2 protein chains.
Amino acid sequence: MSKQVSTLKEVALPAVTTSARMAGEERRLQILRVAMRLFAHSGFRGTTTKKIAQAAGVSEAMVFRHFATKDELYDAILDQKACDGGMGDPRVFLDDAIKRRDDRAVFETLALRMMLHHEQDTEFLRLLTHSALEGHQFSEMFWERVVTDLYEFLGGYVRERQRDGAFRNIDPVVIVRAFAGMVIHHSLNNTLWDKKRRLLDITDEQAARAFTGILLSGISEKAEARATRGRRAHQSTRRVSSRNK
Amino acid sequence: MSKQVSTLKEVALPAVTTSARMAGEERRLQILRVAMRLFAHSGFRGTTTKKIAQAAGVSEAMVFRHFATKDELYDAILDQKACDGGMGDPRVFLDDAIKRRDDRAVFETLALRMMLHHEQDTEFLRLLTHSALEGHQFSEMFWERVVTDLYEFLGGYVRERQRDGAFRNIDPVVIVRAFAGMVIHHSLNNTLWDKKRRLLDITDEQAARAFTGILLSGISEKAEARATRGRRAHQSTRRVSSRNK
DNA sequence: GTCTATACACCGATAGAC
DNA sequence: GTCTATCGGTGTATAGAC
């Protein structure tokens, strides 16, 4: 079989016209894209192969020629999201800011990258949430691979900064959870509600800056305290719930 | 047979106590309760009337005697959640703390009430999320009635405290969003993942305290607002970057 | 009231014509 | 390759026996 072709790299390219005649691979990608949209909207069970075929402008049998089963189609979509659907590796695009110990850049860049990703690929959060609610493999895989990794990575940075005396001694996992909560909850709101119904309609840049500002002020050892030599010794009664690693 | 939904986990839920003989109203409530659990777990389309009947220990026809259609059953469940499924009125249980201008009590109490509600009624968040994803009335109603109200109420309090000079001049809606994000995202994580898979396994009390601490330190004008509440003697009117709205 | 049996529509998937 | 036709299975809802 020589059906194998480059399976992706065309993701950020929504402008694909539906011509009457399409090469096999092109048709496959088109079905994939259409199905992605429908699955994101209605979930796995809420999307019928008939709807997919109609939306793609082909017969239902055509769908099953490219994908043996509905499950296979769904998995193909989620696989793609899992692979290239991400926002990139934080260890890479945060590398510079981390080396400089630029806390603001670290968190703001990360927040912005996440939110831009969620906004550009609006299907992602919907697919992930659907899959999490249904207990699908994808959400578990995403959790174990991406989320856990992010918690370890960002938590490690927080721990370092705590040793530097820059951050207060709050459980790093709590800090990451708080940060992720602000960002993801905001993205989820923007995904689930259209613009007219949004209670908070600001740009991703503004949101990233605001959330980062709140978080950093919230976890930083106060500059004033240090400037005024106010760091009294008895203040070291910080509570840290040491987590087993 | 090899018919298996490979990608979706079919989880057997524990049975609800069923007595052989039940009065009509009691039986209705029991069906309602059982269906609630199943809908919360698998969503509307993922829950069949057959499963509901089996889980309730009655025949399928029995279900349709009490509820004319599956939709009617679903609506009855969501109606119930919308009415008594809440956590109470924040304007009531926060009244005391607000009058005392006890910021910590305000946010921590609210956070705890929300998280306890989400933990006690684990079906609520799942039902709400399912309904939001599929664009059901319920989520919109909940949004307009509960969420909007909370944003106005809590945002109003933040605005007051900003006039008092206690909080920095950040858009109140952003602050509420940040707070809600931390709390709800944490609850959602606890709802979607079982205990073994949780990256952050702390009590609701600890979480409420931690999130409140981060938020208050993050938005407070004073550096050590978190340490002691009584010491608000000399409050300097320090200028902060004002955000345009 | 409660059950068994079943009607009827729809869905996923296949066969075979062109 | 793409379509039409169709099959087995499942899901909602109903009819009618007890």
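Treat the numbers as computed from the prediction; the structure is a model and nothing was measured.
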Can you build the contact string for nucleotides 7-18 of chain C? Use B for base contact, S for sugar-phosphate-only contact, and - for no protein heavy atom under 4.0 Å.
----SBBBB---
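- Relative orientation of the A:F107 and A:F179 rings is perpendicular, given thresholds of 30° and 60° on the angle between their planes.
- For B:I31 and C:dT2, the CD1 to C1' distance is 11 Å, given to the nearest whole Å.
- Computed from coordinates, the B:M62 CE to C:dT2 P distance equals 4 Å when rounded to whole Å.
- There is no side-chain donor-acceptor pair under 3.5 Å between A:H66 and A:R28.
- If you take CZ of B:F67 and P of D:dT12, they are 15 Å apart, rounded to a whole angstrom.
- Judged by distance alone, the side chains of B:T69 and B:E72 never bring a donor and an acceptor atom under 3.5 Å apart.
- Between the CZ atom of A:R28 and the P atom of D:dT2 there is a distance of 14 Å, given to the nearest Å.
- Using bins of under 30°, 30° to 60° and over 60° for the plane-to-plane angle, the ring pair A:H186/A:F211 lands in the perpendicular bin.
- The aromatic rings of B:Y74 and B:F44 sit tilted, their planes meeting at an angle between 30° and 60°.
- Other residues, nucleotides and ligands contribute at most 12 non-hydrogen atoms within 6.0 Å of the CZ atom of B:R145.
- Following rounding to the nearest Å, B:L73 (CG) and D:dT12 (P) show an atom-to-atom distance of 11 Å.
- What separates CZ of B:F39 from C1' of D:dG11 is a distance of 13 Å, to the nearest Å.
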